[in-house]
Amino acid sequence: MSSENVRFTDFKSDKQPTWCPGCGDFGTMNGMMKALAETGNSPDDTFVVAGIGCSGKIGTYMRSYALHGVHGRALPVGTGVKLANPDLEVMVAGGDGDGYSIGAGHFVHAVRRNVDITYVVMDNRIYGLTKGQASPTSRPDFETATTPEGPKQPPVNPLALAMAAGGSFIAQSFSSDAMRHTEIVQEAIEHDGFSLVNCFSPCVTFNDVDTYDYFRDSLVDLSEEDDYDPTDYNQAKDAILEADKEYMGILYQNEDSVPYHEAHGVTENMAEIPDGAPDGATDLVREFY
Amino acid sequence: MHDDLNWAIGGEAGDGIASTGKIFAQALSRAGRHVFTSKDFASRIRGGYTAYKVRTSVDQVQSVVDRLDILIALTERTVDENLDELHEDSVIIYDGERTEFSDFEAPEDVTGLDVPLKSLAEDAGGAIMRNVVALGAVCAVADFPIENLDESLEKRFGNKGESIVENNKQAARLGSEYVEEHFAEEGPRYSLDTTDNDYVLLNGDEAIGMGAIAAGCRFYAGYPITPATDVMEYLTGRIEQFGGHVVQAEDELAAINLALGAARAGARSMTATSGPGIDLMAETFGLVATSETPLVITNVMRSGPSTGMPTKQEQGDLNMMLKGGHGEIPRFVVAPTSVAECFHKTVEAFNLAEKYQVPVYLTADLSMAVTERTYEPDEFDMDEVEVDRGKLVDEGDISAWQNEKEQFQPHAVTADGVSPRALPGTKGGVHMSTGLEHDELGRRTEDTDVRVEQVDKRYRKVDTAIEQENFDYREFGDSEADSLVISWGSNEGTLVEALDYLDEDGVNVRVISVPYIFPRPDLSDEVKAAEDVVVVEANATGQFADVVEHDVLERVERINKYDGVDFKADELAAEIKETLA
Ligand SMILES: Cc1ncc(C[n+]2csc(CCOP(=O)(O)OP(=O)(O)O)c2C)c(N)n1
Ligand code: SF4
């Protein structure tokens, strides 16, 4: 799969993003492209599936085989791509609304299947494309046109959801910390199994609470904590459930993770089929005697 | 007596009705007799009434009839439910120790044979074998050599060990001997000839599953729903032997998206569901179609709307498949008309999907999906299976489809409406696709000209397909007759048998059975040539009749049945006669 001399710009399409100037999605995407190049992937062997939302436009701005799907259903598409051809590097990207609201059911099941895909959620804690409604990660008092007094519900904790579903790689990054974000996505790609990277990707137009400044000031980078061991399940669990702090870095990684296609023996490229019925098909008829 | 024998076993769900029925059906088919089975089941797992009916003859049989010759009644209700079908030569086998027919309501001249099924089963090694004891009793009544049961008992119980198989064989013999000893003088006897033929016995869901594997389908994702689940159960454990995989998805939304992903990666891919699942898939259906991804979506129809009558027959989803979803987009709808056609049309559906890069609805109705029928094995000739993957391009010919910037154009506007397809991994073929309206590169656009060009391009495939394919119909009866009966789906078999009844009454009809709903054969000449035209279908409004009227601009008569029960040949013949009169 790896190919030499691939540069990250090879993953850039010639289409100019229409994201608002300053949108966090620029940084998130750049990190993804760099991480793909760093891990030796080429656009020919990469498949990017995107959801709907400002974040979902990423499939248009990156250069690879890609499908821009319907709202919330990107993960099943990515799963299908990977199982049909495990040689492909599969990345799925979308927003917090896409992944944790309309697609929440698929999220939990994609995690527990542990298919070897990298899922990057561009978490801006708001619905961007539909112009500023509350998302499942919005704060309880976050006022929007559809929630004038705030959603008055606790936000979902995607990392905890992933952990509860048996997630084997759970990470959080911040789009404007380009280096760390790239490193984290790179590790996610290299992980054997489903990797969640919840990337804080501020919406400069509609969210004046979860801003660059907010994340810069509040995020604690776990790689700088001496005693943090991401392979320690209990430590990870405590960090993920910690209510007063937000972390960046790899919160949990199961080093014994066996990806779905290996666990289920789905390792062939299913695109290659014979011109007629496969050998042995006649036995299928005999079974009905 | 008659060689056309109708047999049933009925009892409560959980009594092992289906497996007992299947053992007998297989024994008959191995003995070279034709078999047609039908199931009467309710939407519950235990309790309630359930029955498995077998019609058998040395000639081909392809529908149910209103006559029951031998009935194994495990409960009193079984008799009540079948009163109408009993006649003076019927034999009921029951266990007086379990079922007291105090007010034995069956017509007086029906013969009841009280066989201690449970005690005899215990003698053979366990009460659980009482249904097999009953089968042995049936063999005696039907003069059907009991050895014929042995192979199907081996097939059914082989994996449970030799002694279980032997016990079951013994149980069958005890049942048969009991009838010979105690009822030698009693009641009518039947006689079932055997032949040297070995038939295969399968249902529509199984034929679809087998067709899918034969066609090279490698990926299946589905969510359980009656009556489509059998497709998934068939593929599970089998498709793996051919390098494929089945995923039980979390819901239908996931199922179709998983299948879409696999299809984009280049696998021949399928999902199957029933009406409610089709509703859930509708949004992604549009994406499959706009992204021009080949996909087979099987809809095994049941009674709707909403959850309707989930275990009952209906052909009510035609409008949904033809028109469902927002916006306008071409899709193909293929509707096999018999169990064997389920196999052949599934293979064809995969070819159509890839040749035209469209979603194909493959639809069967419940009756066809769950009833088993016998065929000569070479009806399913694997050597005849052809695979046409359409306009796949590889590294060598990709440049012909690139623009001046060497970008691949997955939605290139072509004369035949079909664009080239580069599978991921193909050098030079990198592209994205989207459900947004897009240009030839697959990029979003709202340009009015491009929009119109792409819509036209997608619809042009339909014209190309009509030109290149043979979307024909099947024909039965008297091709010169003035009266025309049109049908689709499982009604074909019943109609063919109804022809015999009509013949007896001196009524000549021409029957046209249509396996392609869209694109479909043009029936204008046929309809215009006929004096009377009637469309037969299992729904209330006549959805296919509407389609015919739309095409031909002429009114047609309708025969509709929507009570959840299959058409019966004699009933249908009478209705046709009345409608044509
Ligand atoms: C079935 C369906 N419902 C609603 C929409 C409208 N819609 C488009 S994007 C979006 C929310 C996007 O929010 P998020 O996923 O957080 O992405 P962002 O735009 O913030 O990046 C919604 C509700 C849709 N496209 N499809
Ligand atoms: S609305 Fe928000 S999320 Fe969308 S592009 Fe603008 S800044 Fe980014």
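Proteins get letters first, then strands, A, B, ... in listed order; numbering begins at 1 in each. Note that the coordinates shown come from a computational prediction; the quantities given were computed from them, not determined experimentally.
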In terms of heavy-atom pairs under 4.5 Å, which option from [options] contacts chain B the most?
options	answer
A:Pro76, A:Gly276, A:Gly78	A:Pro76
A:Lys57, A:Lys15, A:His71	A:Lys15
A:Gly59, A:Ala84, A:Ser64, A:Ala50	A:Ser64

Residue, of [options], that accumulates the most heavy atom pairs under 4.5 Å with chain A:
options	result
B:Arg218, B:Glu151, B:Glu206	B:Arg218
B:Asp251, B:Thr426, B:Asp198, B:Ile213	B:Thr426
B:Pro377, B:Gly435, B:Ser152	B:Pro377
B:Gly244, B:Gly209, B:Gly425, B:Gly428	B:Gly425
B:Ser269, B:Ala259, B:Gly216	B:Gly216

Straight-line distance of [X] [atom1] to [Y] [atom2], nearest 0.5 Å:
X	Y	atom1	atom2	value
A:Thr79	B:Asn257	OG1	CG	10.0 Å
B:Leu423	A:Leu88	CG	CG	9.5 Å
A:His68	B:Thr290	NE2	OG1	11.0 Å

Next on the checklist: Would you say that B:Thr434 contacts A:Leu67 through its side chain, given a criterion of any heavy-atom pair below 4.5 Å between the two side chains?
Outcome noted: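 They are not in contact (no side-chain heavy atoms under 4.5 Å apart), so the answer is no.
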Checklist outcome for this item: Cut-off 4.5 Å, heavy atoms of chain A, and the answer for B:Phe242 is side chain
Item to check | chain A contact residues among residues 260-267 of chain B, heavy-atom distance under 4.5 Å | outcome: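 B:Leu260, B:Gly261, B:Ala262, B:Arg264, B:Ala265, B:Gly266, B:Ala267, listed by number.
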Checklist entry - For A:Arg112 and B:Glu250, what are the C-alpha separation, side-chain angles and deciding distance, and is it a side chain to side chain contact (heavy atoms under 4.5 Å, CB included)? => result CA-CA 11 Å; A:Arg112 69 181 258 267; B:Glu250 55 271 29; 5.9 Å; no
Residues of [range] with any heavy atom under 4.5 Å of a heavy atom in chain B:
range	answer
residues 261-274 of chain A	A:His264, A:Val266, A:Glu268, A:Met270, A:Ala271, A:Ile273, A:Pro274
residues 277-289 of chain A	A:Ala277, A:Pro278, A:Asp279, A:Gly280, A:Ala281, A:Thr282, A:Leu284, A:Val285, A:Glu287, A:Phe288, A:Tyr289
residues 91-108 of chain A	A:Gly105, A:His106

Next on the checklist: Can you confirm whether more than 12 heavy atoms, excluding those of A:Glu190, are under 6.0 Å from its CD atom?
Outcome noted: yes
Checklist entry - side chain to side chain contact (heavy atoms under 4.5 Å, CB included) between A:Tyr260 and B:His245: does it pass, once the steps are laid out? => result CA-CA 12 Å; A:Tyr260 184 104; B:His245 190 64; 2.7 Å; yes
Next on the checklist: Tell me whether B:Arg443 is salt-bridged to A:Asp14, with the criterion being a basic N under 4.0 Å from an acidic carboxylate O.
Outcome noted: yes
Item to check | Pair A:Tyr65-B:Met432, side chain to side chain contact (heavy atoms under 4.5 Å, CB included): steps then yes or no | outcome: CA-CA 6 Å; A:Tyr65 283 93; B:Met432 66 109 45; over 6 Å; no
